[in-house]
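Letters A, B, ... are given to chains in the order of the sequence lines, protein chains preceding strands, and every chain is numbered from 1.
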There are 2 protein chains.
Amino acid sequence: MKQEAKTATGAPSTLWDRTRQLASQEILKTALRLFTEQGYDQTTIAQIAREAGVSQRTLFRYFGTKEDLLGGNQHRFGQVLTDTISEQPAEVGVWEALRAGVAAVLALHDSREQALERFRLLHNTPSLRAGWLEKRLQFQEDLLPHIEARMDAATGSADPRALAVIATAFACLDAASMTWVGNDGNGDIMDLYDECLAAVRG
Amino acid sequence: MKQEAKTATGAPSTLWDRTRQLASQEILKTALRLFTEQGYDQTTIAQIAREAGVSQRTLFRYFGTKEDLLGGNQHRFGQVLTDTISEQPAEVGVWEALRAGVAAVLALHDSREQALERFRLLHNTPSLRAGWLEKRLQFQEDLLPHIEARMDAATGSADPRALAVIATAFACLDAASMTWVGNDGNGDIMDLYDECLAAVRG
DNA sequence: GGCGGGTTGGCAGCGACTGCCAAATCTAAT
DNA sequence: ATTAGATTTGGCAGTCGCTGCCAACCCGCC
């Protein structure tokens, strides 16, 4: 296992890796199809593996958990988030920096339809929501030092303010996306996000 | 199992229910002890059942999931929250009403030590955190109409503001309790909560 | 052709959780 | 007291997500 040349594109070199990637995509596609067709909880790993033409064991080697099959490369979300925020010029305020990060993450989706589909699945499946929220917690933790640096906050643990600001940003994103889904994808999420923040910061 | 008992007049009357309640408490106590002793994930249902003197099957009949063993009254949290908030006089603002609800819920814990113990378990065990967050989502949903009524918000789903306010309150509670745990229970959570809210609302 | 490193698949097993069924128990009526 | 009826309990098997282990396999390389 050697992952070099990440980020898609170009030459995956060895034919081997190409096969791997193909299998990976096939699994992902099958999983997403079954999830939307019959629901997340009603779809078993065994079924996905069978229809994708791999063994269960191999499926688990590609994707460690069932949640990972949702495709979202959710770990990339965190990467993009922290990267975008840390790239903001120093004089940019915390709220603006966070807004930029949120926008960058939202821009990751291929299409509005795909985003809506995923969001809907996420919001309507309790077991998925839980996992997502947990991942969000990880993001918050990763973001902490960057935000603390932008405030006059000490990095000690006695100051909850940076954490509160981050959590609030996520809370607004949550409220916005939930409303967005409820509206069947009409309107712009970022507008809703701004509206939420305005309501909170009065 | 037991015999005799004509204690006339308890509110719960039937000796039967009393036995049930006893068993329930025994299970809860055993579970909490084992959780703090060896960690949540390292404790199996089989072990709890064995040490509590009931069958696995019965344990699952009392508490539907392992998470429920953490302190059964989490569903009461939601009750107290919504009750407290809806009891606030109409002229009280949303933030104040939410603050009252948070304070009421925090007052539910028997002691500071117990609260700290539970919070620590919650914050340090990923699987537990996820479940807790999901329950919080339910609370948010239950709270929505009450908060919307206090704002000029329409009850339609197009307005994310009420949701954002609620989610922000929870976010601040999160940040506060996390900091509190990090500080080994020193200080008052409500002070931290106020600090968080101040940082967010400028 | 043969070799070594990474990959695959199957199998057994764990832990949470559920359905089913029979035995033990409590409650109420005879 | 002795029934009958409604509950509760425990055990057993089975599902589902997930992991460890091991043999078979496929690749590029000598």
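Here C:dG15 is the nucleotide among C:dT8, C:dG15, D:dC18 with the atom lying nearest to any side-chain atom of B:Thr44. Of the candidate nucleotides D:dC18, C:dG10, C:dA16, D:dC18 has the atom lying nearest to any side-chain atom of A:Thr65.
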Original post:
Please walk me through it: do A:Arg161 and A:Glu148 pass salt bridge (charged side-chain N to carboxylate O under 4.0 Å, His left out)?
Top reply: CA-CA 9 Å; A:Arg161 293 179 303 140; A:Glu148 270 173 345; over 6 Å; no
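In this model, the phosphate group of C:dC26 is not approached by any side-chain N or O of B:Arg20 to a distance below 4.0 Å at OP1 or OP2. At C:dG9, one or more side-chain N or O atoms of A:Thr58 fall inside 4.0 Å of OP1 or OP2 (strictly under the cut-off). Neither OP1 nor OP2 of D:dT8 sits under 4.0 Å from any side-chain N or O of B:Tyr62.
Partner of A:Leu32 under the side-chain contact (heavy atoms from CB on, under 4.5 Å) criterion, chosen from A:Ile48, A:Ile27, A:Leu70: A:Leu70.
Contact annotation: side chain of B:Arg57 to base of C:dG19, donor-acceptor pair present below 3.5 Å.
Rounded to whole angstrom, the span from the CG atom of B:Asp41 across to the C1' atom of D:dC18 amounts to 14 Å. Atom-to-atom, CG of B:Leu59 to P of D:dT9 comes out at 11 Å; the value is rounded to the nearest Å.
Both B:Lys66 and A:Ser55 lie near DNA chain C, and the one whose nearest nucleotide falls closer to the 5' end is A:Ser55.
Donor-acceptor pairing under 3.5 Å is lacking for the side chains of B:Asp159 and A:Thr179.
B:Arg118 forms no cation-pi arrangement with B:Phe35, by the criterion of a distance under 6.0 Å to the ring centre and an angle within 45° of the ring axis.
B:Ser127 comes within contact range of no nucleotide atom at all, as no heavy-atom separation falls under 4.0 Å.
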